[in-house]
2 protein chains.
Amino acid sequence: MEKYFAILKKCPLFFGIDETHLAKMLPCLGAQIMPFDKKYTILKEGNPARYIGIILSGSAQVIRLDYYGNRSILSEVGPSELFSEAFACAEIDAVPISVIANEPGEAMLIDCGHILHTCANNCGFHQQLIFNLMKDLAAKTLAFHQKMEILSCRTTRDKLLTYLDLQAKQAGSPRFTIPFDRQELADYLEVDRSGLSTEIGKLRKEGILKSRKDQFELLQ
Amino acid sequence: MEKYFAILKKCPLFFGIDETHLAKMLPCLGAQIMPFDKKYTILKEGNPARYIGIILSGSAQVIRLDYYGNRSILSEVGPSELFSEAFACAEIDAVPISVIANEPGEAMLIDCGHILHTCANNCGFHQQLIFNLMKDLAAKTLAFHQKMEILSCRTTRDKLLTYLDLQAKQAGSPRFTIPFDRQELADYLEVDRSGLSTEIGKLRKEGILKSRKDQFELLQ
DNA sequence: AAAAGTATGTTGAATTTTCAACAAAATGGA
DNA sequence: TCCATTTTGTTGAAAATTCAACATACTTTT
């Protein structure tokens with residue numbers, strides 16, 4: 001387990017907990033390691049929502065398929081980030097989303113019951129874990145608000161520009177790389193791929209942005 | 001303060017805390033009462049995010065105005081429900097939303113710093129409050145997922161039907177009342193009002209629903 | 001290096017949304 | 001009750017999206 005400590009220390013779930021205590025906690029929490037290949041379904045819609053997931057290496061997408069099988073990309077998770085924590089914390093029966101690997105990697109799964117209800121050993125760090133979960137969920141709520149700001153736009157153009165502005169702001173620079181190809185970006189913005197391509201072309205012609213594949217630059 | 005206990009006991013923030021302790025905690029938390037009239041701005045976008053709000057009576061809408069001044073209705077809050085808790089818990093500078101009263105009522109404001117950082121008296125119930133906040137934020141995350149399910153639909157018809165299905169499921173009956181007039185429903189679904197009216201008319205003609213004002217019935 | 005497969009850009013037609021304007025219905029006061 | 005105001009429904013035109021089909025560019029494999 002030690003080889004994961006560098007990543008786990010950056011994980012919001014373990015904020016403020018040092019390696020010594022982490023080493024004691026992990027077995028207490030019943031942490032398991034799950035290796036995965038590209039395109040592997042790490043978590044499938046309908047599965048029990050018992051586990052909190054932590055990406056140790058690689059990355060994955062949180063998606064949902066609608067009635068007709070259309071994919072929506074809800075978010076992207078990378079190393080040290082949590083997934084499915086809200087469903088586990090809410091103690092619902094089944095997760096309403098799937099998590100699909102972008103590339104090979106590993107995830108850690110923790111039975112959330114061991115965090116919410118004090119474990120037999122009573123490690124004394126449950127309070128910190130619960131506080132950390134609360135902080136994480138608050139931060140995720142902010143991210144949801146950003147996503148809603150995008151989805152509330154009526155046109156592909158406005159959705160795209162709102163997304164790119166947010167990315168630039170996050171990158172702290174007008175030049176940035178996005179974690180999506182065109183189809184994925186369309187599924188994230190909830191728009192048609194071909195219309196998205198057209199719109200990117202227009203913005204380029206109008207001198208509003210430069211782009212090459214997943215690299216973008218917003219001009220002035 | 002005692003007259004509010006009946007409502008506060010139902011508030012997710014105070015779950016598992018009895019009246020005796022509640023009475024001790026409220027002053028410790030620096031709780032203030034804010035009366036409001038219809039259309040009053042209980043919380044304004046850009047304000048400090050210090051406070052967690054609890055609706056004691058009446059109701060309000062959480063809204064956001066976009067660049068052009070178009071209103072988005074994010075959610076509806078009623079008695080014993082929390083608002084702005086995610087922003088307070090995330091300890092960001094300013095709230096990105098506004099909260100507007102639907103009707104006269106009262107709200108309680110609690111300085112979130114008094115919950116997150118142990119207070120001088122160290123009431124001993126902070127752990128429970130933090131646990132409750134975590135639970136509340138997890139539940140709100142589920143609500144956000146539902147909203148995203150609606151917004152990810154491409155047509156007004158699908159957005160409307162997805163919304164109505166969710167409402168029927170929540171009401172546990174095909175007959176239910178929604179908390180919106182037409183313009184508000186349009187601003188919640190992020191669609192054009194006149195198009196929404198037209199679509200409701202079509203669904204009625206097709207025998208898919210019955211409706212009168214804010215009362216709906218989904219047929220089979 | 002060639003071939004196969006994938007991703008992206010482009011186009012036109014059909015559908016849908018938005019927008020503006022107005023009519024009808026409902027509401028709230030005087 | 002009547003008047004003024006607000007809300008809801010309806011319509012047609014303009015704009016935008018979706019959809020399908022295909023050309024081009026790029027990757028990966030053999």
Side-chain angles (χ1 to χ4, degrees), chain A residues 37-39 61 66-73 100 102-104 150-164 177-206 208-216, chain B residues 37-39 61 66-73 100 102-104 150-164 177-206 208-216:
Chain A
D37 285 327
K38 184 172 176 169
K39 295 200 180 177
Q61 291 178 340
D66 73 10
Y67 196 75
Y68 304 104
N70 301 316
R71 173 180 67 172
S72 288
I73 297 181
I100 314 283
N102 288 326
E103 56 196 309
I150 293 170
L151 295 186
S152 73
C153 294
R154 301 295 169 87
T155 65
T156 298
R157 186 192 185 91
D158 284 346
K159 284 193 176 81
L160 175 59
L161 285 174
T162 302
Y163 171 74
L164 293 177
T177 301
I178 66 172
F180 300 126
D181 63 27
R182 289 289 178 275
Q183 183 64 62
E184 290 172 331
L185 180 55
D187 290 346
Y188 181 79
L189 302 180
E190 314 283 5
V191 299
D192 179 67
R193 180 197 62 77
S194 72
L196 174 62
S197 267
T198 305
E199 209 59 57
I200 290 174
K202 279 189 203 167
L203 290 172
R204 206 170 356 203
K205 273 186 199 124
E206 294 173 30
I208 294 172
L209 59 76
K210 287 185 188 173
S211 75
R212 238 200 64 195
K213 299 207 305 180
D214 57 353
Q215 295 176 55
F216 287 78
Chain B
D37 284 328
K38 184 173 178 169
K39 295 200 180 179
Q61 291 177 339
D66 72 11
Y67 197 75
Y68 304 104
N70 301 316
R71 172 179 69 171
S72 289
I73 297 180
I100 313 284
N102 288 325
E103 55 197 308
I150 293 170
L151 295 186
S152 73
C153 294
R154 302 294 169 87
T155 64
T156 298
R157 186 192 184 91
D158 284 345
K159 284 193 177 83
L160 174 60
L161 284 174
T162 302
Y163 171 74
L164 293 177
T177 301
I178 65 172
F180 300 126
D181 64 27
R182 289 290 178 274
Q183 183 63 62
E184 290 171 330
L185 180 56
D187 290 345
Y188 181 80
L189 302 180
E190 313 284 5
V191 298
D192 180 66
R193 180 197 61 77
S194 71
L196 174 62
S197 267
T198 305
E199 209 59 57
I200 290 173
K202 280 189 202 167
L203 290 171
R204 203 167 1 201
K205 273 185 199 125
E206 294 172 29
I208 294 173
L209 60 77
K210 287 186 187 173
S211 75
R212 238 200 65 195
K213 298 207 306 179
D214 56 354
Q215 295 176 55
F216 286 79

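Residue numbers begin at 1 in each chain, while the letters A, B, ... track the order of the sequences.
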For A/Q183 and D/dT18, what is the distance between atoms CD and C1' respectively, to the nearest whole Å? 13 Å

Without decimals, in angstroms, what is the distance between A/K159 NZ and D/dA16 C1'? 11 Å

Closest non-hydrogen contact found for B/T177 with B/Q215 is OG1-CG, 3.8 Å

Does the side chain of B/T162 reach to within under 4.5 Å of the side chain of B/L189, using non-hydrogen atoms? no

Does B/S197 place a side-chain N or O at less than 4.0 Å from the phosphate oxygens OP1/OP2 of D/dT8? no

Along DNA chain C, 5' to 3', what are the outermost nucleotides having an atom less than 4.0 Å from a heavy atom of chain A? C/dT8 to C/dT18

Taken to the nearest whole Å, CG/B/D214 to C1'/D/dT6 is 15 Å

Could you walk me through whether B/E190 and A/L151 satisfy the side chain to side chain contact (heavy atoms under 4.5 Å, CB included) test, starting with their C-alpha distance in whole Å, then the side-chain angles of each, then the deciding distance to 0.1 Å, before giving a yes or no? CA-CA 9 Å; B/E190 313 284 5; A/L151 295 186; over 6 Å; no

Is A/R157 salt-bridged to A/E206, going by a charged N under 4.0 Å from an acidic O? yes

Please round to 10 degrees the angle between the axis of the first five pairs and the axis of the last five pairs in the helix from C/dA1-D/dT30 to C/dA30-D/dT1. 50°

Have a look at B/T198 and say if it touches a base, only the backbone sugar-phosphate, or nothing, with a 4.0 Å heavy-atom cut-off. base

Close residues, residues 187-196 of chain B, relative to DNA chain D [heavy-atom separation under 4.0 Å]: B/R193, B/S194

Between A/K213 and B/K202, who's closer to the 5' end of DNA chain C by nearest nucleotide? A/K213

Length of the CG-C1' vector between A/L160 and D/dA16, whole Å: 15 Å

Atom-pair distance (CZ on B/R154; C1' on D/dC19), nearest Å: 11 Å

Within the structure provided, determine whether B/Q61 and B/Y188 are in side-chain contact (heavy-atom separation under 4.5 Å). no

Between B/R193 and B/E184 (side chain of the first, backbone of the second, donor and acceptor by atom type, cut-off under 3.5 Å), is there such a pair? no

Is there a donor-acceptor pair closer than 3.5 Å between any side-chain N or O of A/R182 and the backbone N or O of A/K213? yes

Scan B/R204 against the nucleic acid and name what it touches under 4.0 Å (heavy atoms): base, sugar-phosphate only, or nothing. sugar-phosphate

Return the value, rounded to whole Å, for the distance between atom CZ of A/R182 and atom C1' of D/dC26. 13 Å

Side chains of B/L161 and B/L203 in contact at under 4.5 Å (non-hydrogen atoms): yes

Heavy-atom nearest pair, B/R71 first then B/D187, reads NE-OD2, 2.6 Å

Let me confirm one number: the CD1-CG distance from B/I200 to B/L164, rounded to the nearest 0.5 Å. 7.5 Å

Does some side-chain heavy atom of B/D192 sit less than 4.5 Å from a side-chain heavy atom of B/T156? no

